[in-house]
Amino acid sequence: MARNFTEIFGSVWFAIPAAVTVIMGFLAINALMIVWMERKVAARMQRRMGPTERGVFGLLQTTYDMIKLMSKELITPRHVSRKLYLVAPVVLFTPIIAICSLFPLSENWVFHDYDIALVLVLAFSGMAVVGIFAAGWGSNNKYSLLGAVRSILQNIAYEVPLILSVLAVVIMARTMSLHEIVMEQSTIPYIVVQPLAAIIFFIAATAETNRAPFDIPEAESELVGGFHTEYSGMRFGLFFFAEYSSMIIVCALATVLFLGGWQGPILPGFVWFFIKVYFLIFLMMWFRWTFPRLRFDQLLRFAWLLLVPLALANLLVTAIIVKLI
Amino acid sequence: MPELIRVGRDEDRDTYHLNMGPQHPSTHGVLRLRLHLKGEVILSADPIVGYSHRAHEKMAENRNYIQFLPNTSRMDYLSGMIYNVGYCQAIEKIIGLEVPERAEYIRVICCELNRISSHLLWYGTLLMDLGGFTPFLYCFEDRERILDILDLVSGSRLTYCYGRFGGVTEDVDDKFLSETLAFCKHLRNRLPEYDDLVTNNVIFQNRCKGIGHIDKKTCHEFAVTGPCQRAAGEKRDVRRDEPYGIYDRFDFKVPTRTGGDCFDRFMVRVEEISESLSIVEQAISKLPVGPVMAPKVPRKIAPAKGEYYFAVESARGHFGMYIVSNGTEIPERMHFRTPSFSNLATMRRVLKGSTISDTVAILGSIDIVLPEIDR
Amino acid sequence: MEMISDVYRGFRSLLKGMGVTIRHFFRKPVTVEYPRERAVVSKVQRNAIVLIEKDDIGSHNCIACLQCEKICPSNCISITGSRKDGLAFKRPDTFDLNFALCSECGLCLDVCPTDTLGYSKQYDKAGYSREDFFYDLLDQWKATEETALGTLREIERKKKEEREARRKADAEAKAKAKENDDGDEKA
Amino acid sequence: MSSPVLDILWSQFPHLESTDCADTAAGCHVSHACRREDLVGISTVFRESGYRLEMLTCLDERAGRKMFRLVYHFTQIDPVERHRVLVDVPVGEQAPTISHLFESANWYEREVYDMFGVSFSDHPDMTRILTEEGADYHPLLKDFGTIDGPVKGGDDA
């Protein structure tokens with residue numbers, strides 16, 4: 001598809017902004033949908049109504065909210081470290097756009113399919129923590145700083161099991177191209193043969209996106225807002241947007257790695273892809289609205305003492321079996 | 001206080017002060033905790049109260065005994081009925097006023113419902129502090145039913161002024177009784193669901209077990225009362241030890257635990273909910289017919305000169321009223337010994353060595369109501 | 001081994017919790033959609049006080065005795081009253097309530113000697129300033145005040161007649177009794 | 001009323017004037033009037049006998065007796081036994097602190113200082129607790145006054 005963009009615009013310098021716009025639009029629409037869905041799911045689990053006023057079932061409510069956020073005055077507190085404070089939301093958001101260009105939505109729908117797409121995805125998703133730390137440090141606020149520090153520790157702890165569980169898939173598929181990984185799963189999805197890796201991946205991914213019960217960096221009952229305490233208006237909106245976009249990304253990655261991507265009977269590929277992604281997103285919401293938050297040291301202990309050994313063992317067993325077969 | 005916002009002085013570069021509150025999501029009102037931290041570990045904690053001081057004791061000296069009635073439920077707005085009725089019972093005891101049987105039973109029903117509603121709110125807010133939002137709304141849903149029931153007789157939903165010297169303002173009707181019984185049944189079915197969602201949840205247990213120990217010694221030194229004291233293993237309940245009203249006629253257990261940590265306090269309160277339910281059911285089954293107001297209530301309430309003390313068990317512990325009368329209609333002095341005041345004071349000792357995450361759990365588990373501390 | 005069983009139990013408890021929330025997910029919401037649905041208000045719901053109509057008068061029966069003004073802990077009631085021609089009791093000229101101060105304790109209802117105070121049923125009054133909560137309780141009775149005064153005078157006149165009649169009857173009875181006594185003495 | 005703690009108290013503090021009020025509405029079993037210098041000793045006895053300081057407050061009796069009166073409630077939990085100890089503090093003088101004996105006294109004494117201006121000697125942190133820092137008033141003093149005067153019912157109802 002990237003090639004198509006270049007053909008349409010004639011030059012790669014026009015094609016890149018166009019592609020970014022398309023991705024932003026895609027993310028925006030999905031994020032708005034997910035925010036709406038989150039509010040509806042939360043409401044129904046708590047026996048409430050959720051948004052009902054704007055649009056059918058309140059579907060336009062989140063759009064109104066976004067317009068409100070955009071129209072708000074951008075406040076820069078006087079005590080912040082200006083450069084870091086301003087650059088942080090952008091640093092957080094840029095890698096997300098890059099990652100999005102790598103996902104195969106269906107057999108032919110992909111911006112660019114690299115051989116090492118998986119490495120890129122993991123590398124870019126690791127960059128998010130830089131943005132979070134910049135926000136926390138630049139805000140010059142103790143709560144933000146605590147949030148940022150917690151965020152870094154958490155990300156370091158959960159990158160490891162995340163990558164280890166992904167490696168098991170890579171060993172089985174013998175490729176790092178997302179497109180080929182999906183193609184490998186044409187008979188059975190990897191969740192059947194790699195259930196442990198799938199579970200570890202999903203838990204680590206939930207922690208990676210700072211979603212409850214791992215929302216320790218922004219725990220609002222402890223750290224008020226964590227790293228984004230000092231942000232308001234659309235700058236806060238970007239953090240919010242980034243959180244939901246990274247939800248889409250990890251769920252899309254899980255779909256590609258374990259659920260067989262776009263593959264499925266009868267319906268067209270991208271429909272299957274979205275069904276799977278949205279199911280995983282629902283699962284994440286279900287977690288969030290059921291569990292209390294873990295404490296920081298428990299979270300680390302859980303990662304280092306349970307997830308990492310399990311993922312290593314899983315990897316070892318996978319490697320041995322693959323070798324033997 | 002410039003000292004508070006400076007990070008790291010030369011002598012202790014890696015420690016800092018953090019003001020938690022007065023505007024903070026989990027300080028339950030306007031409490032400020034001045035924390036001295038090293039990383040996330042608390043070196044010392046100092047609760048600072050008084051942000052909602054309304055001088056109820058001063059107000060009491062400027063009005064007569066009857067006019068003080070609406071103030072009582074505003075001290076602790078979560079167990080307003082208990083405070084209100086307790087104040088009535090204190091004055092009745094002082095002036096020797098007999099209360100009709102039916103009114104006594106109605107008071108017990110309403111007070112226990114109020115206690116359940118207070119515990120439910122505490123349940124929800126503790127879970128919210130721990131990051132679980134859904135149990136909070138489940139508790140509010142059930143609490144809402146209690147408020148509706150109390151609204152049926154008292155006409156208010158939060159700051160009740162239902163008790164009067166010599167009885168209560170309104171008689172209960174069949175609708176009240178049937179709704180109360182239905183609610184008791186509903187909540188009994190509901191509690192196992194709470195257990196599944198919260199009590200047995202491994203994350204919740206890990207968050208609560210082994211933190212915030214308030215042991216017997218601390219209880220003793222700080223005069224801690226209520227569920228916090230019972231969680232430490234001291235079997236003390238004003239309703240049982242110094243029965244007031246007609247509490248000696250009911251059969252109820254005083255739940256105790258031994259550990260004194262957050263989880264024990266949690267379990268004590270959960271068990272208290274079911275004990276209160278049983279008291280409500282007993283009271284309804286025994287409810288006699290008759291008037292709800294004493295036939296002869298003196299128009300002028302002027303207790304004999306002297307000092308009086310009367311205590312009731314509020315949802316948070318020992319609520320004592322110290323009343324000094326000079327023989328006129330205006331009290332000379334009223335002092336209120338409120339439970340949260342003593343319970344919160346323990347935080348200076350208990351919070352030491354815990355982390356910020358534990359702080360919110362510990363604060364949530366002792367169940368403070370700031371207006372009651374500040375009075 | 002112990003660790004494995006711990007992990008198993010932990011995950012089971014988490015799944016149980018998820019079971020609870022998903023059960024609620026499929027139940028009906030309990031929300032009362034307020035502006036569209038009205039909440040059912042208790043019969044004794046406390047609210048701003050109003051002067052309630054007495055059937056025999058066709059208006060309120062406030063006698064401006066100032067009992068409620070005196071008992072009010074928040075000083076939110078102020079009444080002035082004056083004597084009207086042909087009435088035994090006073091009648092209020094102004095009856096103002098500062099609802100912003102009211103704490104809904106209901107003490108004023110307790111002391112009212114004519115039981116003419118009641119609670120308003122409007123529970124969702126909102127306003128932009130304090131002045132919006134200064135209520136003139138006599139407002140709704142202004143139009144009927146003249147007729148009410150007439151009725152009251154009528155009642156008062158009837159009562160007076162009754163009293164006169166009773167006094168007359170008493171006097172007659174007394175006189176009769178005296179006559180009888182005299183008669184007895186004579187006899 | 002007999003209690004082991006009473007025997008100790010009476011033997012050690014001959015100046016103690018005790019009144020039995022177990023059967024009255026007073027709400028305590030024994031009421032003691034004690035001298036200021038005996039207070040710490042009496043508190044120590046209560047502490048060693050397993051009592052807790054349940055309540056501490058003050059009365060402004062400057063108008064009549066030219067004194068402040070401190071009211072301590074010591075309570076034993078099992079069986080319930082409550083002792084009221086009354087201590088007179090002349091205006092302008094300090095009361096002895098018992099916060100080293102009972103931790104609960106720390107905040108109670110701060111409250112008394114805040115509300116009445118009666119300060120306690122050797123208290124670790126004699127600052128205001130409920131009203132604002134640096135205020136120049138003590139609100140529960142009888143001559144503090146009110147903003148808009150007493151409520152009407154207080155006058156003549």
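Only this structure's heavy atoms are used, side chains among them; waters, hydrogens and symmetry mates stay out. Lettering of chains follows the sequences in order, A, B, ..., and the numbering in each one begins at 1.
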Is there a side-chain contact between [X] and [Y] (heavy atoms, below 4.5 Å)?
X: A:T52; Y: C:E33; answer: yes
X: C:P29; Y: A:R48; answer: no
X: C:M18; Y: A:F291; answer: yes

Can you confirm whether [X] is buried at [atom1], in the sense that more than 12 heavy atoms of other residues, nucleotides or ligands lie under 6.0 Å from that atom?
X: C:K142; atom1: NZ; answer: yes
X: C:K121; atom1: NZ; answer: yes
X: A:F279; atom1: CZ; answer: no
X: C:F134; atom1: CZ; answer: yes
X: C:Y8; atom1: OH; answer: no

Backbone N or O of C:K28 within a donor-acceptor pair of the A:R47 side chain at under 3.5 Å?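 Yes, the answer is positive, given that a donor and an acceptor are paired below the 3.5 Å cut-off.
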
Within this structure, what is the CZ-CZ distance for the pair A:F282 and C:F25, rounded to the nearest 0.5 Å?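 A:F282 atom CZ to C:F25 atom CZ measures 4.5 Å (nearest 0.5 Å).
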
Rounded distance (nearest 0.5 Å) linking atom OG1 of C:T21 with atom CE of A:M45: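 Separation between the atoms: 4.5 Å.
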
What are the two closest heavy atoms between A:W286 and C:I22, and how far apart are they?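 Looking at all heavy atoms of both residues, the closest pair is CZ2-CB, 3.4 Å.
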
Looking at A:E53 and C:R36, is any side-chain nitrogen of the basic one under 4.0 Å from a carboxylate oxygen of the acidic one?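 Looking at A:E53 together with C:R36, the answer is yes, because their closest N to O distance falls below 4.0 Å.
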
Under 4.5 Å from a heavy atom of chain A, the part of C:V20 involved: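 Interface part for C:V20: neither.
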
Proximal component of A:L305, with respect to chain C [non-hydrogen, under 4.5 Å]: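 Backbone of A:L305 only, per the 4.5 Å heavy-atom cut-off to chain C.
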
